[in-house]
Enquirer: 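Sharing a structure here in structure tokens format.
First listed ligand is number 1; within each ligand, the first listed atom is number 1.
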Amino acid sequence: MRVGRISSILGGTAALAFALTACGTADVGGGGEGGGDGGEGGGDTITIGVKYDQPGLGLLEGDTPVGFDVDVATYIAGELGYSPEQINWEEAASANRESFLQQGTVDMVIATYSITDERRQVVDFAGPYYVAQQDILVAADNTDIEGPEDLSGQVLCSASGSRSANNIVDDMGIDAELREAGNYSECLELLGNGTVDAVTTDNTILAGFAAQNPDTYRMVNNPFGEEKYGVGLPAGSTERCEEVNAAITQMWEEGAATEALENAFGATDFAFEEEVPALEDCA
Ligand code: GLU
């Protein structure tokens, strides 16, 4: 009995250790010593939450994420004094971005994270570094859905913790039947097997998925709304927010933002936004 209990505790510990390894940090740096590139870093490493399942934005390739958000994060970290080797990547999902910042799991979130008043109650935002719009993805042979108004009575997938579905159902008053998934790649699976009729979220995210499977999915290409991508910071980070805003300004001025967008979407037919976003106040 006693032995059984101990071994089950040990088993639990081992399972937890495995879980932490399996879905935890993809540490590409291992805690560099110094070696920053000139800025005034605040420690040996910086931990940044990005998506791992969104092609073009944050997608895990091997044990390193790649994409526009990852490039933005790397640029900003560089300006804060952290070399790429000093970045610890952490997978962020739409639903855990606030809690990651509140609990100190990450120092920053750069994960298609829209600035909203509600989120500003619990976290700070620098930026925006990019302004996306919302759109809809359907099966390539679906010719019925051309805009949000066609979603009435349709089964609609979005990721839990995102604003996308609320924008349609609550703000636009369209009575779509909601199906929440853990992330957008799960929504894509549900769209692929016919469980849902459409997926809605930012056009950047949908464009990345559509480009991967152009024969299977079609982005409706009828964008609406405005999704201002912020750099999520723990509440009370006014000074760091100012530093991040300076980095964002420079990233656009130097052409690094446009270059990162080109890298992410240049080979697709997605017409990404090239206008420099207007920064919001920190505080
Ligand atoms: N940008 C939107 C949001 O932050 C949708 C995309 C996402 O969930 O990452 O809610």
Enquirer: Name the residues with a heavy atom less than 4.0 Å from ligand 1?
Expert: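 Ligand 1 pocket, heavy atoms under 4.0 Å: K51, S94, R97, A111, T112, Y113, S114, R119, S162, R163, S164, Y184, T201, D202, I205, E227, Y229.
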Enquirer: Evaluate whether atom CG of N193 has more than 12 neighbouring non-hydrogen atoms of other residues, nucleotides or ligands under 6.0 angstrom away.
Expert: yes
Enquirer: Throw together a table of side-chain donor-acceptor distances under 3.5 angstrom for residues 263-279, partners on residues two or more places apart or in other chains.
Expert:
residue	atom	partner	partner atom	Å
T268	OG1	F265	O	2.8
T268	OG1	F270	N	3.1
E273	OE2	E275	N	3.3

Enquirer: Enumerate the residue pairs fulfilling side-chain hydrogen bond (donor to acceptor under 3.5 Å, both in side chains) with a member in residues 207-221, sequence neighbours excluded, ordered by first and then second residue.
Expert: E146-R218
Enquirer: Out of curiosity, does L80 fall in the hydrophobic cluster containing V106 (side-chain heavy atoms, cut-off under 4.5 Å, transitive links)?
Expert: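 They do not share one cluster, since no chain of ILVMFWY contacts under 4.5 Å joins V106 to L80.
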Enquirer: With side chains defined as the heavy atoms from C-beta onward, is the minimum distance between E91 and L60 less than 4.5 Å?
Expert: no
Enquirer: Got a list of side-chain donor-acceptor pairs under 3.5 Å for residues 176-188, not counting sequence neighbours?
Expert:
residue	atom	partner	partner atom	Å
N183	OD1	S185	N	3.3
N183	OD1	S185	OG	3.1
N183	OD1	E186	N	3.0
Y184	OH	S162	OG	3.1
Y184	OH	T201	OG1	3.1
S185	OG	D53	OD2	2.8
E186	OE1	G182	N	3.1

